[in-house]
Structure formats: structure tokens, C-alpha cells
Amino acid sequence: MATLLIGVTVAIALRFKAAGQQQNQQAASPPRPAITMASPEDAAREMNNPRSKWFREAKYGLFIHWGLYAIPAGTWKGQQIPGIGEWIMNRAKVPVKEYEQLAAQFNPVKFNAEEWAQLAQDAGMKYLTITSKHHDGFALFKSQVSKYNIVDATPFKRDPLKELQAACAKRGIKLCFYYSQAQDWHEPNGAGNTWDFGPDDKKDFDQYLRDKALPQTREILTQYGPLGMIWFDTPRLMTEQRAEQFTKMVRELQPDCLVNGRLGGKGDYRSTGDNRIPDQVVPGVWEVPATINDTWGYKSYDNNWKPPSEIVFKLVDIVSKGGNYLLNVGPTAEGVIPQPSVDVLRKVGQWLNVNGEAIYGAGASPFGQEFGKLDETKKDQRGQPVFEQAKEWRATTKPGRLYIHIFTWPKEFTLDGVKGKVTKAYLLADPKRKGLKYSQTDGKLVMQLPDKAPSELASVIRLDLK
Ligand code: H79
């Protein structure tokens with residue numbers, strides 16, 4: 001087993017040489033690896049960090065991208081702007097003076113923190129990560145540091161993060177804040193806005209950090225009770241020393257608060273590229289931030305909702321590889337989470353009600369053959385063989401237990417390489433826990449399955465092992 005794991009680790013390390021931080025949406029560019037591999041020592045350190053215990057068990061969280069960009073919702077001056085909705089200011093090169101005026105129109109009277117937190121709970125999500133400030137620079141909280149915030153600059157005048165704090169605390173959902181520490185298109189010295197303020201390398205970036213990003217980070221760390229984490233993003237212009245100023249502040253003010261992997265220095269865990277799922281098991285602690293359609297911030301005409309079957313597959317796939325799934329919704333300018341995304345999340349939540357024990361706190365697959373294999377006959381643009389994903393089944397583990405998630409229902413299911421003796425096999429969907437017929441010789445297990453799959457999503461078999 002140990003040799004197998006080391007072999008797999010080396011193989012993945014070789015395959016994933018380069019770092020892949022952000023998704024590259026230009027179709028013509030070569031694919032990048034989904035995640036940077038940690039050294040075995042770093043992976044072990046991540047796994048043994050008591051601070052990340054809740055996160056390692058949580059497995060599934062709700063990401064919320066909400067801000068002024070929900071007003072244009074993908075359309076600027078009659079033009080549909082391609083790409084992700086929260087990037088509209090950048091993609092349409094909207095001058096600060098113009099974009100700022102959206103604040104006067106932002107009045108999300110239908111916002112209801114209780115409903116959002118309840119949705120996360122019904123969906124089976126254990127944490128909620130919301131944009132406290134995205135790259136456009138607008139703060140979704142009451143800030144003394146900048147008037148460009150939801151309380152001081154909008155007719156709404158309420159602080160939704162305060163309301164969410166209460167609603168999440170009531171339900172035991174970990175509240176986490178996304179904060180864009182480097183890009184700030186509203187500030188002359190923040191990274192990213194070259195159309196108003198010229199090239200980034202001419203800016204006094206430390207002035208921006210000192211006068212906005214760091215003091216606002218202090219505000220979110222001190223005004224909203226205990227946070228699960230701060231989720232930093234796109235570390236342009238960040239250096240180890242600059243990152244260290246943030247980490248130091250987080251550790252001083254909230255020692256239990258996690259720092260994600262996109263600050264610019266070492267975080268408590270790593271992120272894959274946006275929407276990128278690794279091909280194999282990845283050791284350590286990591287998370288896939290992902291969209292439920294094709295945008296993060298609301299776009300009125302993006303209706304490309306992933307169906308519940310795809311979300312369940314991705315959730316199981318990620319957990320079986322050792323990661324967490326942070327799945328995004330983009331509420332409208334009225335404060336409403338689009339109904340199609342609500343419907344999908346609730347369906348997945350119903351699946352988790354039955355099958356959650358195979359997800360929460362579960363570890364990665366001890367196998368590997370189920371993920372698929374490299375197809376040497378097909379080459380990507382770097383000349384590397386293409387990984388052909390298999391989707392029939394996945395496995396997750398707990399001490400003394402193995403969970404087999406089946407997506408393509410066979411009559412008989414054969415599993416090679418089972419360590420230990422199976423003492424019982426049953427479907428999680430069966431309240432009577434009726435034993436399934438099986439035979440086991442050496443490491444080979446053959447199970448007889450009922451004619452019909454018990455779940456239209458994934459059906460999970462629990463195997464108890466001795
Ligand atoms: O918050 C979400 C994104 O806004 C943020 N990360 C997730 C969680 C993110 N920031 N940058 N990126 C992701 C990479 C963005 C790349 C692109 Fe583009 C933005 C591709 C198309 C629009 C920048 C502008 C690169 C090409 C055009």
C-alpha cells in the first residue's frame with residue numbers, strides 16, 4: 001500500500017510540474033495542471049494542522065459572488081460582454097467614475113440572510129464563503145477605510161455580512177470571507193486597472209496595501225466574529241513579504257482562521273485552478289472553487305446550469321481524490337439566488353441527506369483505477385497524452401469502511417485490490433440495511449446488485465471491513 005501510494009505520488013508529481021493558479025479561459029492556450037503538488041512533508045503538515053480540521057471534514061461549501069456587477073449582469077451599454085460576470089468593469093474597460101455610479105442603484109431589497117444560510121444548510125454545505133470585496137474594489141460591508149461600501153454608498157444601507165454572520169452562526173455554518181487583496185480596479189495603486197491608472201509596474205502597490213487592503217482585512221477580521229477563513233485571490237504583485245503582512249494579521253487577530261492558498265505566500269491549504277479537478281488523488285488539503293453555470297457573478301443570460309447529476313459526480317469525484325468542493329452561486333442585484341441554482345443545490349442536498357456519511361469527513365480512494373487512464377494515442381497541445389476520465393464509480397473511505405459510489409449501475413460489481421475482509425455490504429439508500437450478496441477471494445470482491453439503482457444520482461454501497 002505504502003509503495004503504491006509513493007508510486008502514485010511520484011507519477012502525479014511528474015505529471016504536474018508547473019503551478020496552475022487560475023483557470024485560463026482562452027481556448028487556444030495549452031491546458032495547465034489543475035493544482036500544484038505539495039511535497040510529502042508539506043502535504044502531511046496540511047493534513048495534521050489542527051486549524052484545518054473542520055475544513056478537512058466539511059468537504060462541501062457554498063461560494064457566493066455578489067457585488068455591483070450583479071446590476072449590469074453581463075451587459076454594458078447594450079453590449080453582452082463575454083466572460084465571467086464579475087469581470088465586466090475590466091472586460092468593458094469601464095472608467096471608475098462611471099462604474100462607481102452603480103452603487104447609487106444597488107438596492108437589493110429581496111436580500112434575506114436567513115434564506116441564504118438556510119439554502120446552504122439544506123444543500124448540505126458546511127461553510128459559506130462570500131465576496132467581501134472583489135476586484136472591482138466595492139466592499140460588501142460597512143468600512144471605515146473606504147466610503148466605497150454597501151452601507152455608505154448605496155440606498156440599501158444595510159450590511160449583508162453582518163446579517164449573514166448571525167444567520168450562519170445560528171445554523172453552525174462556518175462563515176468565510178473572500179477578499180481580493182491585490183487587484184482593486186477602484187484604486188489608483190491597486191493592481192489591475194490599467195485603463196484608468198496606467199501599468200501596474202508604475203504603481204505604489206504598497207501604498208494600496210497599507211491604506212486599503214490591510215486595514216480592510218483588519219475590519220473583516222474584527223467585526224464579524226470568528227471566521228472560518230479568508231479566501232484571497234489572484235496574487236498579482238504579491239511577494240512573500242507582502243503576503244506575510246496579511247498572514248501575521250490573521251494569526252494575531254484570529255488564530256483559528258484559515259488562510260487559503262491564493263494569498264501569495266504559503267496558505268493553510270491549496271486551491272486548484274478555478275473549475276479544475278485533478279485527474280488523480282492529490283495528497284494534502286485542497287479545494288476546487290467552481291461555478292454552477294459559467295460565471296461567478298450574476299449574468300442574466302447565462303443559463304448553462306449544471307444538472308444535479310453533474311454536481312453530485314463532481315462532489316464525489318473531488319472527495320474521492322482528497323479535496324473539498326466550493327460551489328458558487330451568483331445572486332441578482334435584487335438579492336435573489338437564481339431559482340435554477342437553488343433547485344440544483346436542494347436536489348444535491350437531498351442526495352446528501354441519504355449518502356452524506358460517505359462524504360463528510362471521508363478520505364480519498366485507496367484505489368485509482370476508477371479515475372481513468374492516459375490515452376497514449378491522443379496528445380494535448382503540449383504533446384502530453386490525454387487523460388481519459390472514467391465515470392463508472394468512485395470510492396471514499398473512513399476507518400474500517402469503504403464507500404463505493406456507483407454512477408453506472410451494473411448487475412454485478414467487481415472490485416480489485418480490497419485490503420481487509422468485508423464483513424458487511426449494504427446500500428446507504430436502504431433504511432433496512434439489507435446485506436448485499438458478495439464473495440471475496442484474495443483482494444477481489446464480487447457483489448451482486450439489485451436490478452435497479454436505488455438513487456437516480458449516485459448509489460452508494462457501504463462496505464464494512466475487518
Ligand atoms: O472570483 C472568481 C474570479 O473572478 C477570480 N477567481 C474566481 C474565484 C479570478 N480572477 N482572475 N481570474 C479568475 C482569472 C481570470 C481570467 C479571465 Fe480574463 C478573466 C479570463 C477572462 C476574464 C483576464 C481578462 C484574462 C483574460 C481576460
Side-chain angles (χ1 to χ4, degrees), residues 61-71 86 89 99-100 102-117 120 127-170 173-187 190 208-233 246 249-250 253-254 257-260 263 296-298 328-335 337:
L62 180 64
F63 213 174
I64 302 179
H65 275 69
W66 198 38
L68 297 181
Y69 39 79
I71 299 170
E86 70 286 1
M89 178 182 179
Y99 188 88
E100 264 181 351
L102 292 171
Q105 298 172 47
F106 196 59
N107 197 15
V109 289
K110 294 190 180 158
F111 168 71
N112 184 330
E114 293 285 326
E115 277 175 22
W116 289 15
Y127 56 112
L128 185 158
T129 308
I130 183 165
T131 47
S132 66
K133 186 203 81 166
H134 203 266
H135 309 332
D136 67 359
F138 180 76
L140 210 61
F141 59 99
K142 163 77 180 165
S143 173
Q144 308 292 337
V145 174
S146 163
K147 285 261 169 271
Y148 195 44
N149 73 71
I150 191 163
V151 176
D152 294 319
T154 78
F156 189 54
K157 292 192 166 56
R158 279 157 55 190
D159 181 339
L161 302 195
K162 265 267 170 272
E163 296 176 27
L164 279 167
Q165 178 200 355
C168 286
K170 225 193 241 181
I173 293 170
K174 287 270 187 189
L175 178 66
C176 310
F177 290 151
Y178 173 107
Y179 188 87
S180 178
Q181 80 282 17
Q183 294 199 63
D184 192 316
W185 307 329
H186 186 257
E187 304 303 322
Y208 157 74
L209 293 183
R210 191 173 58 241
D211 293 345
K212 186 168 180 184
L214 282 160
Q216 282 199 332
T217 299
R218 179 179 292 278
E219 290 182 321
I220 57 178
L221 279 164
T222 51
Q223 292 171 23
Y224 299 89
L227 299 182
M229 80 165 77
I230 300 188
W231 212 100
F232 297 104
D233 202 4
F246 287 88
M249 184 182 282
V250 176
L253 296 171
Q254 290 210 29
C257 177
L258 295 174
V259 172
N260 79 327
L263 173 59
W296 306 86
Y298 178 67
N328 182 76
V329 296
T332 67
E334 283 193 303
I337 299 176

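Given the structure is predicted, the values throughout are model-derived calculations rather than measurements. Heavy atoms only: backbone and side chains are in, while hydrogens, waters and symmetry mates are out.
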Test Lys110 against Thr332 for side chain to side chain contact (heavy atoms under 4.5 Å, CB included), laying out the working first.
CA-CA 9 Å; Lys110 294 190 180 158; Thr332 67; over 6 Å; no
Heavy atoms of Ala70 and Pro331 approach each other most closely as CB-O, 3.7 Å
Can you see which heavy atom on Tyr179 is nearest to which on Gln216, and at what distance?
OH-OE1, 2.7 Å
Using 0.5 Å steps for rounding, measure from the NZ atom of Lys142 to the CG atom of Asn149.
6.0 Å
Smallest heavy-atom separation, Lys147 atom then Ala153 atom, equals O-CB, 3.5 Å
So how far is it from Phe63 CZ to Tyr127 OH, rounded to the nearest 0.5 Å?
9.5 Å
Quick one: CD on Gln165 to CD1 on Ile220, what's the gap to the nearest 0.5 Å?
12.5 Å
Tell me yes or no: between the side chains of Asp159 and Tyr224, is some donor less than 3.5 Å from an acceptor?
yes
Taking the side chain as every heavy atom from C-beta outward, state whether Gln181 and Leu263 have any atom pair closer than 4.5 Å.
yes
Arg218 atom CZ, over 12 foreign heavy atoms within 6.0 Å
no
Roughly how far, to the nearest 0.5 Å, is CG of Asn328 from CD of Glu86?
8.0 Å
Roughly how far, to the nearest 0.5 Å, is CZ of Phe138 from OG of Ser143?
10.5 Å
Testing the basics here: between Ile150 and Thr154, what is the closest heavy-atom pair and its distance to 0.1 Å?
O-OG1, 2.5 Å
Quick check: Tyr99 with His186 (ring centres under 6.0 Å apart)?
no
Give a yes or no on whether the ring-centroid distance for Trp66 and Phe106 is below 6.0 angstrom.
yes
Does Phe246 form a side chain to side chain contact (heavy atoms under 4.5 Å, CB included) with Val259? I'd like the steps, not just the answer.
CA-CA 9 Å; Phe246 287 88; Val259 172; over 6 Å; no
Residue pair Phe141 / Leu164, side-chain heavy-atom distance below 4.5 Å:
no
Check whether any side-chain heavy atom of Phe177 sits under 4.5 Å from a side-chain heavy atom of Ile130, and report yes or no.
yes
For the residue pair Cys168 and Leu128, what are the closest heavy atoms and their distance?
SG-CD1, 3.9 Å
Rounded distance [0.5 Å steps], OH in Tyr69 versus NE2 in His134
5.5 Å
Give a yes or no on whether the backbone of Leu227 and the side-chain of Gln254 come within a donor-acceptor separation of less than 3.5 Å.
yes
Would you say the side chain of Gln223 lies within less than 4.5 Å of the side chain of Leu161, judging by non-hydrogen atoms?
no
Over 60° means perpendicular and under 30° means parallel, so classify the ring planes of His135 and Tyr178, tilted if in between.
tilted
Assess whether side chain to side chain contact (heavy atoms under 4.5 Å, CB included) is satisfied between Leu68 and Tyr148, documenting all intermediate values.
CA-CA 11 Å; Leu68 297 181; Tyr148 195 44; 3.4 Å; yes
Nearest heavy-atom neighbours spanning Glu114 and Asn112
N-OD1, 3.0 Å
